[in-house]
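Have a look at the structure below before the remarks.
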Amino acid sequence: MNSEINTISLSSEPHLAGPNAVLAITMRSEINAISGAVDCLLTMIHECHCVPGQERDVEIALREALANAVLHGNHQDSDKKIQINCRIQCGGEVSIIIRDEGEGFDPTKVPDPTATNNIGSEHGRGIYLMRALMDEIRFEQRGTEVHMRKSASRSNRDRR
């Protein structure tokens, strides 16, 4: 694997039931590893035409989720890893799970960055963007996993 992107491993295999792709990437908890992982996933997402015209939304949400995992989850500890699992349904949707090795957090306690008293706060913007750009966002495993989904068939007004 190319050491410039600091990706530990990458595996890809077509899903047996239809035109799907499944990718698993393990990356170091380093900021400079994010772009390589995102570029790899976006190449597949573009090639599969799973969310045509919405790839930029997926890219921004993915970058935010990975930055949160590196900075807040694993505290930039390069000995800790981040696992990315991506399922691409060609012409349909993309589902991404990002798992860090941190202690987790309570997503209900993240301040709303649009509230007047939080406008100057540096916390909560990434999660806010992820929720705004993806169709579904949920946190599991005490916040150490973020599950994101984007469908080609859903419009912005249908987002949760």
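Owing to the predicted nature of the structure, the values given are computational and were not obtained by experimental measurement.
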Pairwise distance CZ(Arg149) to CD(Gln89) - rounded to 0.5 angstrom: 10.0 Å
Any donor-acceptor pair under 3.5 Å from Asn85 side chain to Ile97 backbone: no
Minimum-distance pair of heavy atoms, taken over all atoms of Glu64 and Leu129: OE2-CD1, 3.8 Å
Polar side-chain atom of His75 near backbone of His72 as donor-acceptor pair, under 3.5 Å: yes
Minimum heavy-atom distance between Gln83 and Thr26, given as atom pair plus value: OE1-OG1, 2.6 Å
Considering all heavy atoms, the nearest Ala61-Met134 contact: CB-CG, 3.5 Å
Heavy atoms from other residues, nucleotides or ligands near CD of Glu103 exceed 12 (cutoff 6.0 Å): no
Euclidean distance, Glu55 CD relative to Ile45 CD1, rounded to 0.5 Å: 8.0 Å
Check against side-chain contact (heavy atoms from CB on, under 4.5 Å), Ser35 and Arg63: CA-CA 8 Å; Ser35 287; Arg63 285 186 186 280; 3.1 Å; yes
Enclosure of Arg138 CZ (heavy-atom neighbours >12, cutoff 6.0 Å): yes
Donor-acceptor contact below 3.5 Å, side chain Lys150 vs main chain Leu133: yes
Tyr128 atom OH, neighbour heavy-atom count above 12 within 6.0 Å: no
For the student: nearest non-hydrogen atoms of Glu30 and Ser78, plus distance: OE2-CB, 3.2 Å
Results of side-chain contact (heavy atoms from CB on, under 4.5 Å) for Asn74 - residues two or more places apart only: Ser29, Lys80, Ile82, Asp100, Glu101
Minimum side-chain heavy-atom gap Ile88-Asn20 below 4.5 Å: no
Interatomic spacing from SG in Cys48 to CD in Glu93 - rounded to 0.5 Å: 13.0 Å
side-chain contact (heavy atoms from CB on, under 4.5 Å) assessment of Ile31 paired with Gln76: CA-CA 8 Å; Ile31 291 295; Gln76 298 187 71; 4.0 Å; yes
Heavy-atom check, side chain of Arg87 versus side chain of Val94, under 4.5 Å: no
Close side-chain approach of Phe139 and Ile127, heavy atoms under 4.5 Å: yes
Shortest non-hydrogen contact from Ile25 toward Cys40: CD1-SG, 4.1 Å
Between His49 and Glu47: side-chain donor-acceptor atoms closer than 3.5 Å: no
Side-chain touch Leu41/Val58, heavy atoms, less than 4.5 angstrom: no
Heavy-atom check, side chain of Arg99 versus side chain of Gln141, under 4.5 Å: no
Check against side-chain contact (heavy atoms from CB on, under 4.5 Å), Ile98 and Glu145: CA-CA 6 Å; Ile98 297 170; Glu145 277 185 15; over 6 Å; no
Derivation and outcome, side-chain contact (heavy atoms from CB on, under 4.5 Å), residues Met27 and Lys81: CA-CA 6 Å; Met27 64 174 254; Lys81 308 300 178 241; over 6 Å; no
